[in-house]
Student: 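Okay, handing you the structure first.
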Amino acid sequence: MKSINSPIHPKVNNVFIHVKDLKKSAGWYCNLLGIPHNGDSVESPVYNIPITYETGLTLDDHTFLS
């Protein structure tokens, strides 16, 4: 396959993960990644995991759906 020049950079800026329980999931992912977690800072509908790398991680509880 021949490579072409493109203005689109091949990287992921952010990953969205749909979850059922936002507070529980935030704690689980922070624990998994070794990131300190304060459950009081988790508010619906989304929580951005405080990652210092280039790619972000956002948990989304989809509260706007019935």
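Values below: every heavy atom of this structure, side chains too, minus hydrogens, waters and symmetry copies. We're numbering straight along the sequence, starting at 1.
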Student: Taking all heavy atoms of Gly39 and all of Lys23, pick out the closest pair and write down the distance.
Tutor: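 Taking Gly39 first and Lys23 second, the nearest heavy atoms are O-NZ, 3.3 Å.
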Student: Begin from the C-alpha positions of Leu33 and Leu57 and carry the test side chain to side chain contact (heavy atoms under 4.5 Å, CB included) through to its verdict.
Tutor: CA-CA 11 Å; Leu33 297 169; Leu57 178 61; 3.9 Å; yes
Student: Starting from Ile35, can I reach Val46 by hopping between I/L/V/M/F/W/Y residues whose side chains sit under 4.5 Å apart?
Tutor: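 Hydrophobic grouping puts Val46 apart from Ile35.
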Student: Between Lys20 (side chain) and Asp61 (backbone), is there a donor-acceptor pair under 3.5 Å?
Tutor: no
Student: Start with the C-alpha gap between Tyr29 and Ile17, add the side-chain angles, then the distance that decides, and say whether side chain to side chain contact (heavy atoms under 4.5 Å, CB included) holds.
Tutor: CA-CA 11 Å; Tyr29 278 101; Ile17 300 175; 3.6 Å; yes
Student: Same cluster or not: Phe16 versus Val19, using hydrophobic residues (I, L, V, M, F, W, Y) connected whenever any side-chain heavy atoms lie under 4.5 Å apart?
Tutor: no
Student: Any idea which heavy atoms bring Cys30 and Pro36 closest together, and the distance?
Tutor: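 That would be SG-O, 4.4 Å.
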Student: Does the Ser25 side chain pair with the main chain of Leu22, one donor and one acceptor, at a distance under 3.5 Å?
Tutor: no
Student: Any heavy-atom pair between the side chains of Ile49 and Leu59 that's under 4.5 Å?
Tutor: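 In contact.
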Student: Heavy-atom distance under 4.5 Å between the side chains of Thr55 and Asn14, does that happen here?
Tutor: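 No; the side chains remain at least 4.5 Å from each other.
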